[in-house]
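Notes for the one structure printed next.
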Amino acid sequence: MSNVVSLKSHDEVGLVTIDSPPVNALSAAVRGGILDCVQQAIADPTIRAIVLTCSGRTFIAGADITEFGKPPKQPGLDEVLAALESSPKPTVAAIHGTALGGGLEVALACHFRVADKNAKLGLPEVKLGLLPGAGGTQRLPRAVGPELAVKMIVSGNPIGSQEALRSGLIEEVVEEASAGGETFARKLLAEKRAIRRLRDDDTKLAAARADRSIFTTAVAATTKKIRGLEAPLAAADAIGYAIDLPFDEGLKKEREIFLRLMSSDQSKAQRYAFFAEREAAKIPGVPNGIQPRLVERVAIIGAGTMGGGIAMSFVNAGIPVTLVETGREQLDRGLDIMRKNYDATAARGGIPADAPEKRMALINGTVGIENIKHADLIVEAVFETMAIKKDVFGQIDQFAKPGAILATNTSFLDINEIAKETKRPQDVLGMHFFSPANVMKLCEVVRAADTAPDVLQAVVSVARKIGKVPVVVGVCDGFVGNRMLMARQRQASQLLFDGALPQQVDAALTKFGMPMGPFAMGDLAGLDIGWRSRKDRGIKSEIEDALCEAGRFGQKTGKGFFRYEEGSRAPLHDPEVEKLIDETLSRLGRKRRVVSDEEIIERTTYSMINEGARILEEGIAARASDIDVVWLYGYGWPIYRGGPMHYADHVGLQRLADRLSYYARESNDASLQPTQLLMELAEQDGKFGARG
Ligand code: 3H9
């Protein structure tokens, strides 16, 4: 008898319960357990219907990803599905939590499905660079029709119980999964309802068989933004086979594609990223079982772009926020922007029509820092200047209740220095959100010298609760993300001196998979900020200075490294810029040479990886995978390349060290010298990822 799956007989209904925490994934033990229990239930003459259900927080969340890439263990999932589907007694999947991937495929092999009202059902395999490999691409279109199947499988996004009911994916929404499943099973028996096997039911495929454009239009709409990902297109192909081929042939095709994707570099990188994200939530040096401080009420200081976005993130998760400003006007402006943002999202159908009202009601906009006194967590999001931040922290120290967590949203500044303004440095840390803060998932949680473990733990937990991906980093100029970005920026600027043009550099990096090139990014942020700061510090960056002197500050002036048409954010090539670069170079006595795209990619990405290695040497990041998570969620590094450090491991560290040494020599740039750590790992044929 299995210790993770049990069979109980209740008055003619056999209840098969999976109990394999944390998420009831389909490990070999779970597969074996289900198979045994289902076979026993079929053999038991007192049982007339079988209900498959789960204990704990969720229905089966998919295949066990930790088994991927290892030798397969018996029984295979296909055998389990065949047992459920071919059962002569009706089988019912009773779903709560998340029925995902192989979990939903198990449910689709059952004859009927019910779910509680909070359940989510989906096939997210594309997010791991895969496609559903246990019949999902063949059974889901038969359950809900090809259009919704494309939407769910190609995007990987789940649907809720109500949509599942409307689309025919489930038969009923029940109060509680297990009991509801049992009641439903009894009803089936009473009504003598015929068993429905999706494999034999092509009704919902008929329309797309008659007019294939139903399918191709849905695919075109869902694959618009896939930027270099292989799996979504492969998944769409597999759904196409459901339309074109008999069930068993389609299943065979699906299996072939699944196995091909499983061994692809993209899927390996995406699976790596899945675990890297979860690993990042485990804080090194914080003892197991430490009780995080409770965070129920939050105050945010500053209703500007960052403060407003941060407030929205908390409110979106149902956490009330006191939003503090220095004056009524600034506060009203901030609240107005948030309101408009919510209204626009509701108008697009992104949130329910009544959500803007409900969410705004959770924000208590107020003037005066004394209003922070009830907050468990205070996030300062004022102007990025040390003197101002220090002043604000001095005031926070006066009004915050004892034990409150005091966070600064600085992106560069020394948090240890900020903490000194308080008499409680153990309560101070950084929460570096990325703009727009209500959208971007990354939150660099910056651990200062004295930050207490329960403070760190609390902030990591609350960040996850509001849908962010927290990564704990140490204090240094720019922390992990911006520090590496600066290293990349330095090379991008240098490439212009060597002969590349902004559009070439940006095109090479977007082709590599970045959402935006460094120069378009500069235009978005505004070139004048750096220009003014360089002037203050007596530093020059000739090409950028020349652009700014010509009034080209970026998007805000309609021209920077690129030109922008009225109302558009699309960067357009501008011959004026080429002229300005040529003039600057000839003034400096430099000649342009041909720069290859390969050099652009190597110099920009290898320089930031080298900085990443330095960050590891200094202990600013605990793991290479933490750096990858920062770049995946803060800067749009292409997930199918796993993050910069994973990419480095893939390229090979010896090659990286050799190329960096070469560029350091050629361009006489000491910052490109491979770091000690990189050299050592390269010598041992090691990998960043293997450092734990
Ligand atoms: C698939 O099904 C292929 C099939 O089509 C074909 C097969 C032939 N396996 O995320 P959390 C672990 S592909 C192993 O922090 P949450 C996770 O690592 C799969 N482990 O919780 C973590 O461990 P730890 C398709 C898994 O509440 C712990 O569970 N399915 C798996 O924020 C808690 O996870 C998916 O892609 C797994 N499948 O979110 C679903 N899932 O504590 C992937 C989780 O040691 N999973 N773990 O760090 C998820 O999306 C989320 O985990 C879920 C819960 C929403 C379920």
Side-chain angles (χ1 to χ4, degrees), residues 4 18 20-31 34 54 56-70 72-82 95-109 118-140 149 152-153 155-158 160 231 234-235 238-239 251-252 254-263 267-268 270-283 288 317 441 460-470 623 625-626 629 639:
V4 284
I18 304 162
S20 180
V23 295
N24 292 312
L26 291 159
S27 62
V30 170
R31 296 193 303 271
I34 302 175
C54 288
R57 66 201 225 211
T58 180
F59 191 76
I60 306 165
D64 185 342
I65 309 168
T66 60
E67 284 185 358
F68 289 177
K70 297 182 185 154
K73 286 190 192 153
Q74 294 307 318
L77 189 53
D78 49 347
E79 213 181 316
V80 178
L81 265 53
I95 297 167
H96 75 289
T98 44
L100 297 177
L104 183 57
E105 289 175 301
V106 165
L108 285 164
N118 297 318
K120 295 251 184 297
L121 301 91
L123 292 173
E125 284 88 340
V126 288
K127 297 191 178 177
L128 299 170
L130 299 168
L131 52 59
T137 64
Q138 306 303 300
R139 288 191 186 89
L140 189 65
M152 289 174 69
I153 295 173
S155 75
N157 295 330
I239 302 167
L251 207 58
K252 227 167 100 195
E254 177 198 81
R255 187 77 199 154
E256 281 166 23
I257 307 176
F258 179 77
L259 292 176
R260 172 166 61 77
L261 291 178
M262 179 66 97
S263 57
S267 176
K268 283 179 195 153
Q270 288 177 255
R271 273 139 50 198
Y272 160 84
F274 175 85
F275 288 113
E277 178 188 329
R278 278 143 188 93
E279 192 67 14
K282 295 167 192 148
I283 316 166
N288 266 346
K441 292 191 79 173
V460 164
S461 308
V462 81
R464 290 202 85 192
K465 199 164 160 193
I466 63 172
K468 301 295 173 199
V469 179
R623 321 170 183 98
S625 59
D626 288 356
V629 175
I639 190 141

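Side chains included, hydrogens not; waters and symmetry mates left out as well; all remaining heavy atoms used. As the structure is a computational prediction, the values presented were derived from the model and not from experiment. As the structure lists them, so they are numbered: ligands from 1, and atoms in each ligand from 1.
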On the ring face of Phe275, is Arg271 found with NZ or CZ under 6.0 Å from the centre and within 45° of the axis?
no

Lys252, Glu254, Glu105 screened by side-chain contact (heavy atoms from CB on, under 4.5 Å) with Gln138, the one that passes:
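Among Lys252, Glu254, Glu105, the one meeting side-chain contact (heavy atoms from CB on, under 4.5 Å) with Gln138 is Glu254.
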
Between Lys73 and Glu67, is there a salt bridge with N-O shorter than 4.0 Å?
no

So Asn118 and His96, do their side chains get closer than 4.5 Å, heavy atoms only?
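A side-chain contact under 4.5 Å is absent here.
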
Quick one: are Lys127 and Asn157 in side-chain contact, heavy atoms under 4.5 Å?
yes

Need the list: ligand 1 N/O atoms against protein N/O atoms, distance under 3.5 Å, rounded to one decimal.
residue: ligand 1; atom: 2 (O); partner: Ala63; partner atom: N; Å: 2.8
residue: ligand 1; atom: 2 (O); partner: Gly102; partner atom: N; Å: 2.8
residue: ligand 1; atom: 5 (O); partner: Glu105; partner atom: OE1; Å: 2.7
residue: ligand 1; atom: 5 (O); partner: Glu125; partner atom: OE2; Å: 2.5
residue: ligand 1; atom: 5 (O); partner: Gly133; partner atom: N; Å: 3.0
residue: ligand 1; atom: 9 (N); partner: Ala63; partner atom: O; Å: 3.4
residue: ligand 1; atom: 9 (N); partner: Ile65; partner atom: N; Å: 2.9
residue: ligand 1; atom: 10 (O); partner: Arg278; partner atom: NE; Å: 2.6
residue: ligand 1; atom: 10 (O); partner: Arg278; partner atom: NH2; Å: 3.2
residue: ligand 1; atom: 21 (O); partner: Arg57; partner atom: NH2; Å: 2.8
residue: ligand 1; atom: 27 (O); partner: Arg57; partner atom: NH2; Å: 2.7
residue: ligand 1; atom: 30 (N); partner: Ala61; partner atom: O; Å: 2.9
residue: ligand 1; atom: 38 (N); partner: Ala63; partner atom: O; Å: 2.9
residue: ligand 1; atom: 48 (O); partner: Lys282; partner atom: NZ; Å: 2.8

Exercise: identify the closest heavy-atom pair between Ala25 and Ala63:
CB-O, 4.1 Å

